[in-house]
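First the structure, in the form of structure tokens, and then the observations on it.
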Amino acid sequence: MRLATWNVNSLNVRLGHVLDWLATADVDVLCLQELKLTNEKYPQAELRAAGYESAINGQKTYNGVAILSRLPMADISADMPDYADQQRRVIAATIGGVRIVCAYFPNGQSLESDKYRYKLDWLDAMQAYVARQLAQHPRLALLGDYNIAPEDRDVHDPAAWEGQVLVSPKERAAWSALLGQGMVDCYRLFEQAEKSFSWWDYRMLGFRRNAGMRIDHVLASPQLATDCRACVIDRAPRKLEKPSDHAPVVADFAA
DNA sequence: ATGGCTCGTGTAACGAGA
């Protein structure tokens, strides 16, 4: 079973890239973030023609997430039930015996911002949500744009970024707490090239200079992680005309 | 030099992203 996550930064703009990528990526499930469109405007027909059904939690202008699957989906659930959120950032479904959670973690903007406080509260809620999901689903995958670079090796210039949003101690503590629940960073199960990133700033020739961060992740529960055979970041779509600033991350599981 | 680009909105700048 092949699972992927991709922050597309507007599905309107990126639909062509998504369809082209699905045609060759051979993934069973694709989690999308930053749709920036409502459920009414979701391109259901085009994706269905490509062989994928969708579970959608859309929002106008900002946020919005979806799970695309070429296998049957069950028990679709939008948002975190015990966290009242105006922003559409979470959708979950059970596919092929795996509980899939697709999440767009808040950015936080800066440590002084109200958005940072919101991010920390949201991270607390996600912690509790994952605990409940784990209790119910031994085979759990949490895929998405975490807006957290877990370690300094996930940052192109750790000195310049030290203490800032995406790498602050409180954000990294939230990441560590997810690992503390048993969740496994699939990407680090395997040997990877140095300076492997999943996001590059549009400005300053970020991609050409490989000035990026690894902030898009696939975490798997202990039982599911034992079946993980590979995890890669596919940089190819980032090289296209008008790309998303994020690249897809793909994780391959036996059975 | 704290910007630099790309979105949506709406049809001009501006907020937001990271």
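Letters A, B, ... are given to chains in the order of the sequence lines, protein chains preceding strands, and every chain is numbered from 1.
- At dA18(B), one or more side-chain N or O atoms of H246(A) fall inside 4.0 Å of OP1 or OP2 (strictly under the cut-off).
- Shown here is Q136(A), whose CD atom has more than 12 heavy atoms of other residues, nucleotides or ligands within 6.0 Å.
- At a threshold of 4.0 angstrom between heavy atoms, the contacts of E34(A) are confined to the sugar-phosphate backbone, with no base atom among them.
- In this structure, a donor-acceptor pair under 3.5 Å is present between the side chains of R89(A) and N63(A).
- No side-chain donor from either of Y187(A) and D154(A) sits under 3.5 Å from a side-chain acceptor of the other.
- Taking the C1' atom of each, dA18(B) and dC5(B) are spaced 12 Å apart, rounded to whole Å.
- W161(A) has its CH2 atom 13 Å from the P atom of dG17(B), to the nearest Å.
- If you check every strand for non-hydrogen atoms under 4.0 Å, Y104(A) touches sugar and phosphate atoms only.
- Of the possible donor and acceptor atoms, none in the side chain of R139(A) sits under 3.5 Å from a partner among the backbone N and O of S221(A).
- Taking atom P on both dG10(B) and dA16(B), the two are 15 Å apart, rounded to the nearest angstrom.
- Counting non-hydrogen atoms under 4.0 angstrom, L205(A) reaches nothing in the nucleic acid.
- Rounded to whole Å, the separation between the P atoms of dA12(B) and dG17(B) comes to 25 Å.
- With hydrogens and angles disregarded, no donor-acceptor distance shorter than 3.5 Å links the side chain of R238(A) to the backbone of P243(A).
- The nearest whole Å value for the distance from the CD1 atom in I215(A) to the P atom in dA18(B) is 6 Å.
- Environment of CG in D114(A): sparse, with no more than 12 heavy atoms of neighbouring residues, nucleotides or ligands closer than 6.0 Å.
- At dA18(B), none of the side-chain N or O atoms of Y116(A) fall inside 4.0 Å of OP1 or OP2 (strictly under the cut-off).
- Side chains of D79(A) and N57(A): a donor on one and an acceptor on the other come within 3.5 Å.
- When the P atom is compared between dC14(B) and dG3(B), the two are found 14 Å apart, to the nearest whole Å.
- Rounded to whole Å, atom C1' of dG17(B) lies 14 Å from atom OH of Y118(A).
- Atom name P, nucleotides dG4(B) and dG15(B): the rounded distance is 13 Å, in whole Å.
- Nearest-nucleotide mapping onto DNA chain B: of N63(A) and K41(A), the residue sitting toward the 5' end is K41(A).
- Rounded to whole Å, the distance from CG on D145(A) to C1' on dA16(B) is 13 Å.
- For the residue pair D234(A) and W21(A), a side-chain donor N or O sits within less than 3.5 Å of a side-chain acceptor on the partner.
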Notebook entry, point to check: salt bridge (Lys or Arg N to Asp or Glu O under 4.0 Å) between D28(A) and R2(A): does it pass, once the steps are laid out?
Noted result: CA-CA 5 Å; D28(A) 299 293; R2(A) 286 167 58 78; over 6 Å; no
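- We find that R203(A) and D245(A) are not joined by a salt bridge, their nearest charged nitrogen and carboxylate oxygen being 4.0 Å or further apart.
- Within residues 147-155 of chain A, the residues having any heavy atom under 4.0 Å from DNA chain B are, by residue number, N147(A).
- Atoms NZ (K115(A)) and C1' (dG15(B)) sit 8 Å apart, rounded to a whole Å.
- Side-chain nitrogen and oxygen atoms of N7(A) include at least one within less than 4.0 Å of the OP1 or OP2 phosphate oxygen of dA18(B).
- Taking atom CZ of R89(A) as the reference point, atom P of dA16(B) lies 12 Å away to the nearest angstrom.
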Check: What is the per-nucleotide protein-contact pattern of nucleotides 3-8 of chain B, from the 5' end, where B denotes a base atom under 4.0 Å from a protein heavy atom, S denotes such proximity for sugar-phosphate atoms only, and - denotes neither?
Finding: -BBSSS
